[in-house]
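The chain is numbered in sequence order, starting from 1.
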Amino acid sequence: QVQLVESGGGLVQPGGSLRLSCEASGPSFSRYAMGWFRQAPGKERQFVAAIRWSGGTTYYADSVKGRFTISRGNTKNMVNLQMNSLNTEDTAVYYCAYGPNIITSSVPHEFGYRYWGQGTQVTVSA
């Protein structure tokens, strides 16, 4: 069982920045990806960004391209999400996800990920 622990959420003003981190522990899998999804109040959970551990290929939702950057952390199985130029529409609970043996077409979809973190709140407000 892979366990995911997220950190770094909080309150930020519009135009500000936050960095989320997620560390995975437990068994290792091959060809896995780690990603971030978010869920705003009253809305469905949506894909934000993901990274393939082998090779480092990154994927982004159109709504965050150019503002968010996903990267591998300094320690094994850690992923960071740098969020810049935040706006009120970025307010949501952000979830870290781990997808073992994930195929490319599944990367932006919840069904591609087997393990999920508890979520961390990001609030963008003046």
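- Considering every non-hydrogen atom in both Gly9 and Val122, the closest pair reads CA-CG2, 4.2 Å.
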Q. So Gln121 and Thr91, side chain to side chain contact (heavy atoms under 4.5 Å, CB included) or not? Walk me through it.
A. CA-CA 8 Å; Gln121 177 70 46; Thr91 295; 4.0 Å; yes

Q: Check step by step if side chain to side chain contact (heavy atoms under 4.5 Å, CB included) holds for Val93 and Thr120.
A: CA-CA 5 Å; Val93 177; Thr120 184; over 6 Å; no

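- For Gln39, the CD atom is densely surrounded, since the number of other residues' heavy atoms within 6.0 Å is greater than 12.
- From Tyr94, atom OH reaches atom CG of Leu20 across 7.5 Å, with rounding to the nearest 0.5 Å.
- Under the 3.5 Å distance criterion, the side-chain polar atoms of Tyr60 are matched with a main-chain donor or acceptor of Ile70.
- Interatomic distance, CH2 of Trp116 versus SG of Cys96, reported as 9.0 Å (0.5 Å rounding).
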Going by atom type alone, with no hydrogens or angles, which donor-acceptor pairs under 3.5 Å involve a side-chain atom of residues 40-57 and a protein atom two or more places apart or on another chain?
residue	atom	partner	partner atom	Å
Arg45	NE	Glu110	OE1	3.1
Arg45	NH2	Glu110	OE1	3.0
Gln46	OE1	Arg38	NE	2.8
Gln46	OE1	Arg38	NH2	3.3
Arg52	NE	Tyr59	OH	3.2
Arg52	NH1	Ile102	O	3.3
Arg52	NH2	Ile102	O	3.0
Arg52	NH2	Thr104	OG1	3.3
Trp53	NE1	Tyr32	OH	3.3

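- Looking only at distances, no side-chain donor or acceptor of Arg19 sits under 3.5 Å from a matching main-chain atom of Leu81.
- Note: the hydrophobic cluster containing Tyr95 does not contain Trp36 (ILVMFWY, side chain heavy atoms under 4.5 Å, direct or indirect links).
- Atom OG of Ser17 is separated from atom CZ of Arg67 by 10.0 Å, given to the nearest 0.5 angstrom.
- Within the model, atoms CZ of Phe68 and OG of Ser63 stand 7.5 Å from one another, a figure rounded to the nearest 0.5 Å.
- A donor-acceptor pair is defined here as one N or O able to donate and one able to accept, closer than 3.5 Å; no such pair exists between the side chain of Glu23 and the backbone of Val5.
- Atom CD of Gln3 sits in a sparse spot, with 12 or fewer heavy atoms from other residues, nucleotides or ligands closer than 6.0 Å.
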